[in-house]
Amino acid sequence: MSYNLNNADGVVNVSQQVIEVIAGVAVQETEGIAFTADDSKLQEKQMVKLVKVEDVGGEITISLSVHIKYGMSIIKTAGKVQERISQDMENMLAFQPKAINVRVIGLLKG
């Protein structure tokens with residue numbers, strides 16, 4: 001599936017997998033947050049299955065489920081990953097998703 005994203009320069013056609021990979025890499029590069037207990041073994045094919053991209057009324061919503069390192073602030077850490085995904089989308093694709101939903105499903109050992 002692909003999406004037509006409108007920006008100041010015109011319309012850009014982007015595949016769903018590109019959006020999933022950008023969001024997945026943002027999670028992996030944010031301190032204190034991960035998809036699984038050991039993301040080092042996580043391959044791109046597995047990672048993109050953990051990120052859901054939906055087109056809601058012509059706007060894109062990104063949803064992901066993550067684990068947060070024990071002792072880290074859940075709200076601050078989830079906020080950091082939302083901000084990182086938003087910045088990466090703006091820098092790489094020149095668009096902002098309507099929403100970035102982060103669901104915390106567990107804690108990682110320190």
Side-chain angles (χ1 to χ4, degrees):
M1 178 172 227
S2 64
Y3 301 99
N4 291 320
L5 307 175
N6 297 316
N7 62 32
D9 297 325
V11 178
V12 177
N13 189 309
V14 178
S15 78
Q16 180 174 339
Q17 188 174 7
V18 168
I19 296 170
E20 291 168 344
V21 169
I22 291 170
V25 170
V27 168
Q28 291 181 323
E29 292 179 350
T30 303
E31 182 184 351
I33 194 166
F35 286 114
T36 64
D38 187 9
D39 271 5
S40 65
K41 296 179 182 176
L42 197 61
Q43 295 178 351
E44 184 180 306
K45 287 181 184 179
Q46 297 165 319
M47 181 178 61
V48 297
K49 290 180 182 179
L50 301 169
V51 177
K52 304 294 180 225
V53 178
E54 298 176 293
D55 186 355
V56 179
E59 300 209 19
I60 294 177
T61 300
I62 300 170
S63 302
L64 46 116
S65 298
V66 297
H67 291 77
I68 293 184
K69 185 177 177 183
Y70 182 80
M72 303 279 295
S73 169
I74 293 172
I75 294 172
K76 287 181 182 177
T77 306
K80 283 181 187 176
V81 80
Q82 286 174 317
E83 187 177 308
R84 177 69 185 258
I85 292 170
S86 179
Q87 287 175 353
D88 288 354
M89 293 293 166
E90 179 65 35
N91 292 339
M92 295 180 203
L93 303 175
F95 96 99
Q96 287 291 318
K98 180 179 180 181
I100 301 169
N101 303 314
V102 179
R103 180 174 170 233
V104 178
I105 58 172
L107 297 174
L108 300 171
K109 293 181 180 179

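Heavy atoms only: backbone and side chains are in, while hydrogens, waters and symmetry mates are out. Here the structure is a predicted model, which means the values were calculated and not measured.
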More than 12 non-hydrogen atoms from neighbouring residues, nucleotides or ligands closer than 6.0 Å to CD1 on Ile105, yes or no? yes
In terms of hydrophobic clustering (I, L, V, M, F, W, Y; side-chain heavy atoms under 4.5 Å; direct or indirect links), are Val56 and Leu93 co-clustered? no
Atom pair CZ (Arg103) and OG (Ser63), whose distance is rounded to the nearest 0.5 Å: 10.5 Å
Taking it one step at a time, do Arg84 and Lys80 satisfy side chain to side chain contact (heavy atoms under 4.5 Å, CB included)? CA-CA 6 Å; Arg84 177 69 185 258; Lys80 283 181 187 176; over 6 Å; no
In the single-linkage hydrophobic clustering (I, L, V, M, F, W, Y; side-chain heavy atoms under 4.5 Å), do Leu64 and Val104 co-cluster? yes
When rounded to the nearest 0.5 Å, the distance separating NZ of Lys52 from CG of Asn101 is 13.5 Å
Looking at Ile62, Asp88, Val51, which hits side chain to side chain contact (heavy atoms under 4.5 Å, CB included) with Ile19? Ile62
Mark yes or no for whether His67, through its side chain, and Leu107, through its backbone, hold a donor-acceptor pair below 3.5 Å. no
d(Ile85 CD1, Glu83 CD) to nearest 0.5 Å is 11.0 Å
Spatial distance of atom CD (Gln16) from atom OH (Tyr3) [nearest 0.5 Å]: 4.0 Å
Could you tell me whether a side-chain N or O of Gln82 sits under 3.5 Å from a main-chain N or O of Ile100, the two making a donor and an acceptor? yes
Considering non-hydrogen atoms only, spot the tightest contact between Glu31 and Met72 and give its length. O-CE, 3.9 Å
Are Val27 and Ile75 grouped together when hydrophobic residues (ILVMFWY) are joined by side-chain heavy atoms under 4.5 angstrom apart? no
Quick one: does Thr77's side chain have a donor or acceptor within less than 3.5 Å of a partner on Ser73's backbone? yes
Kindly compute the distance separating CE (Met1) from CD (Glu54), expressed to the nearest 0.5 Å. 10.5 Å
Does Ile60 belong to the same Ile/Leu/Val/Met/Phe/Trp/Tyr cluster as Met92, with side-chain heavy atoms less than 4.5 Å apart forming each link? yes
